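Okay, so here's the structure we're looking at.
Chain naming here is simple, since letters A, B, ... match the order of the sequence lines and numbering starts at 1 in each. These figures come from a predicted structure and were not determined experimentally.
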Number of protein chains: 2
Amino acid sequence: MKPGKTGRARSGASLIDVAKAAGVSTATAGRVLGGYGYASEPAAERVRSAARALGYRPNRLARGLITGRTQTIGVVASDIASPFYAAVIRGVADAVQNRGFGVLVTNSDERLALEQQAVRLLLEKQVDGIIIAPCDLQSSEHLTEALESGCPIVQIDRAAPNLQTDSIAVDNVGAARACVRCLTDAGHRRIGFVGEVLLDGAVDLDGAIRRCAGLRPDERGVVPSVLRFTGYLAGCHDAGIAPDPNLIRRLGVYSAAAARAAVLDLMTGPRPPTALFTADGAMSTGALEAIGALGVDVPGDLSLICFDDLDWMQFYARGVSAASQPAREIGALAADLLLRRIEGDRDPVRHIVLPVAIVARRSVAPPRRARPRATKIGAGHD
Amino acid sequence: MKPGKTGRARSGASLIDVAKAAGVSTATAGRVLGGYGYASEPAAERVRSAARALGYRPNRLARGLITGRTQTIGVVASDIASPFYAAVIRGVADAVQNRGFGVLVTNSDERLALEQQAVRLLLEKQVDGIIIAPCDLQSSEHLTEALESGCPIVQIDRAAPNLQTDSIAVDNVGAARACVRCLTDAGHRRIGFVGEVLLDGAVDLDGAIRRCAGLRPDERGVVPSVLRFTGYLAGCHDAGIAPDPNLIRRLGVYSAAAARAAVLDLMTGPRPPTALFTADGAMSTGALEAIGALGVDVPGDLSLICFDDLDWMQFYARGVSAASQPAREIGALAADLLLRRIEGDRDPVRHIVLPVAIVARRSVAPPRRARPRATKIGAGHD
DNA sequence: CTGAAAGCGCTTACAG
DNA sequence: CTGAAAGCGCTTACAG
């Protein structure tokens, strides 16, 4: 009844108890119950029924201590409450659960210190591998260390370039380019851009444009929002549109509030865009809030395509087009890759780039003709 | 380089190595690094620097095997990809992470067999406690067993009545009642209801109404949708409205498609409701799809309040009112309760009932006067 | 304050 | 096919 003096709380029958009851050695009982090694049918049957009678439940901790395998994989997400990561984790869980694996989840909130702490916890818990969206593409010593200690890693959403691991990301450049194409095909020429696009060494817009124009689709070591900005530039270029600095907002932070302010500013300025492309979940949320606050019609005064780490439902409901990542698939693929590595696969690392579906709603339609604002020429004020 | 012959993959320095390097016993090294027991400062310092030099990382498996504590808690959700459970798990993770705990997540998809499998996995992995949304309020032998083996449990969202555990749920009856009140206050009298409301032994509506009318707010052993139906009935009663069977749709399944069909049927019938209350996430999604397909305006031809296991963003975007659960808080509270039990708290079980916020958007406004459909009396056809 | 010894529950070679 | 023994990496009483 009371916990033993060693402090362990739960008891239950151990393999020793089962072996004793079945009249065999623990080795034999282990072989039967663990499904490894041989045992004669009569012995096996005695062991099984003893296990059943005692309500035996294997202790995976003990097994893990010996085999060096815990059958647990760790996931480090920015925020598991975000629809994107929630779906990724679901994909991971589905892929591994029928193989007897567990999934240990942690959040980094895009902060390196938290990520390092999370990785340490996972390693101390002896996970067999880690799936991570690294929050810093340069500082990855903690991940190198994990790798060197034999813990395989799969990077998702982004990939540190100097980390020799498999990775899975969507085709950010291609998807953003396709989004812009939707807009230009519909006749838009003034297409606003709102994104984080944090670039060290390129604070000015011209520098950013020069730098991003050279990026290739599969470029690793580059954060998604920069790749999407690259796609935006490419899309404009495709349509023979020169990037207009007044229509581009690089916020430098991943903040819905900042995006809201930026879109309000864009839309109430002298020559507002007729269409808008938002590069991230937070940007998209901010943009939706702004156009709500402005009472702007979508479609109508504005066409909008959101690149989305959030739930496409909100865009769907709003009648807005969105580019949406196949999150579950990313999770499932990441888990597959990881399990393969855990099983000892030594193939060269793979970098998978997934296509992104664009869920076109009504908002790509060209804008309604704006209400004539100053019919009386020279009215000068309102 | 190569894995040892025992099959364990990862090596790294063990406590033995650290002790050897520091010139002390493993007992002393363990006391220093584990933070238990005494050690002289010089010895401690030698141990710490040896640990640092060797890159020592404690193996929590080994510790767990002895202490009987893994510092891991398990969560069994219906679907971690749903915004509700994703947020719950985030709340759990936040509450436990700074205490060095990990969170192991599993999905039941509301299927008993999967839930049992998930619980077994968690127990074999020796979690210190389980947070679960039980999918079957009657068949809970597997949970009783867990409890008896010393694994504390906290139930969320619903609670099996015969399970002596802490539980956390929202005030389903009160929230639904308040939703209806929003509608009746705005002048609605014909308020439709769409929910799962699966009741054995009450297949007919009259039976269901009689049975639900007697439920009290804190009733356990009753699934949320039934409690919300109860709240709906109470809200109607408050306003002196007799429940109209033609406006009530008990689907018996948790299906957006079924809800969509039900709402289409309701709205295209002879006397459509002027307002609608949906009792679940899937119902809400289906209803939104239906009114989208019908081109019904919200507000306008219809007022709508959704009870929500999904993301309130979609309602917000649609201009719809929603009752939303404080998911993160539920997770955080569940984790707190569980940690307390893990630490040996023997207080009587607590059943926490949380209030639900109603996010009122435009849809509670009374409906616009319907476009006169048959101005020419006797027109007879369209 | 410190160390030798036992042991958590299991798996793994290794003899028989 | 089976068992005795060793051991995974740590913590726990218990002597000193």
Side-chain angles (χ1 to χ4, degrees), chain A residues 3-47 51 54-71 123-126 149-150, chain B residues 3-47 51 54-71 123-126 149-150:
Chain A
K5 44 182 169 171
T6 57
R8 72 192 134 74
R10 297 223 289 290
S11 44
S14 75
L15 196 55
I16 301 182
D17 302 321
V18 174
K20 211 167 285 173
V24 298
S25 70
T26 61
T28 298
R31 280 190 280 256
V32 173
L33 265 16
Y36 52 90
Y38 308 95
S40 66
E41 194 39 52
E45 190 41 46
R46 286 212 313 282
V47 169
L54 293 170
Y56 172 71
R57 213 189 316 269
N59 182 332
R60 296 222 195 191
L61 245 48
R63 179 185 306 195
L65 193 54
I66 292 184
T67 62
R69 294 281 170 82
T70 53
Q71 301 205 95
L123 291 176
E124 290 186 1
K125 285 186 178 295
Q126 312 296 120
S149 80
Chain B
K5 45 182 171 171
T6 57
R8 74 193 132 74
R10 299 223 288 290
S11 45
S14 77
L15 196 57
I16 301 183
D17 303 320
V18 174
K20 212 168 282 174
V24 298
S25 69
T26 62
T28 297
R31 279 189 283 256
V32 174
L33 265 17
Y36 53 91
Y38 307 95
S40 67
E41 194 39 52
E45 190 44 45
R46 286 211 313 281
V47 169
L54 294 170
Y56 172 70
R57 213 191 312 273
N59 183 331
R60 295 220 194 192
L61 245 48
R63 179 186 304 198
L65 193 53
I66 292 185
T67 63
R69 294 282 170 81
T70 54
Q71 300 204 97
L123 291 175
E124 291 185 0
K125 285 187 178 295
Q126 313 295 121
S149 80

Atom CZ of B/Arg69 and atom P of C/dC8: how far apart are they, to the nearest Å?
18 Å
Which residue lies toward the 5' end of DNA chain C, B/Ala44 or B/Ala62, if each is placed at its nearest nucleotide?
B/Ala44
Tell me the interatomic distance from B/Ile16, atom CD1, to C/dA4, atom P, rounded to whole angstroms.
13 Å
side-chain N/O B/Ser14 vs D/dC8 OP1/OP2, d < 4.0 Å:
no
If you compare all heavy atoms of B/Val18 against all heavy atoms of B/Ala51, which two are closest, and at what distance to 0.1 Å?
CG1-N, 3.9 Å
I'd like to know if B/Glu124 and A/Arg60 make a salt bridge, using a cut-off of under 4.0 Å between side-chain N and carboxylate O.
yes
Of the candidates C/dC10, D/dC8, C/dG7, the side chain of B/Ile66 sits closest to C/dG7
Kindly say if B/Ser40 contacts the phosphate of C/dT2, meaning a side-chain N or O under 4.0 Å from OP1 or OP2.
yes
What integer distance in Å separates A/Arg63:CZ from D/dG9:P?
18 Å
Without decimals, in angstroms, what is the distance between A/Leu61 CG and C/dC10 C1'?
10 Å
Just call it for A/Ala39: base, sugar-phosphate, or nothing, with non-hydrogen atoms closer than 4.0 Å on any strand.
sugar-phosphate
To the nearest 0.5 Å, what is the distance between NZ (A/Lys125) and CG (A/Leu61)?
9.0 Å
Whole Å only: how far is the CG atom of B/Leu65 from the P atom of D/dT11?
11 Å
Starting at atom CD of A/Glu124, determine the distance to atom P of D/dC8, rounded to an integer number of angstrom.
20 Å
Any N or O donor-acceptor pair linking the side chain of B/Arg31 to the base of C/dG3 at under 3.5 Å?
yes
Nearest-angstrom distance from the residue atom CD of B/Glu41 to P of C/dT2:
10 Å
Side-chain N or O of A/Tyr36 closer than 4.0 Å to phosphate OP1/OP2 of C/dT11
yes
Separation of B/Lys20 NZ from B/Leu54 CG (nearest 0.5 Å):
11.0 Å
Give me the stems containing DNA chain C, sorted by first residue, counting only three or more consecutive Watson-Crick or G-U pairs with both distances under 3.5 Å; say none if there aren't any.
C:1-3 with D:14-16, C:5-12 with D:5-12, C:14-16 with D:1-3
Value rounded to 0.5 Å, distance of CZ in B/Arg57 from CG in B/Leu15
15.0 Å
Mind checking if B/Arg60 touches a base, just sugar-phosphate, or nothing, with heavy atoms under 4.0 Å?
nothing
It should be established whether A/Tyr56 places a side-chain nitrogen or oxygen under 4.0 Å from OP1 or OP2 of nucleotide C/dC10.
yes
Which residue pairs satisfy the side-chain hydrogen bond (donor to acceptor under 3.5 Å, both in side chains) criterion with at least one member in residues 37-46 of chain A, sequence neighbours excluded?
A/Glu41-A/Arg48, A/Glu45-A/Arg48
Given atom CG of B/Leu15 and atom P of D/dC8, what is their separation to the nearest angstrom?
13 Å
Here's a test of your reading of the structure: between A/Thr26 and A/Tyr38, which maps to the more 5' nucleotide of DNA chain D?
A/Tyr38
Is the phosphate of C/dG3 approached by B/Thr28 (side-chain N or O, under 4.0 Å from OP1 or OP2)?
yes
Closest contact, heavy atoms only, B/Arg63 versus B/Gly34:
NH2-CA, 4.3 Å
Side chain to side chain donor-acceptor pair (under 3.5 Å) partners for B/Ser25, two or more places apart:
B/Thr28
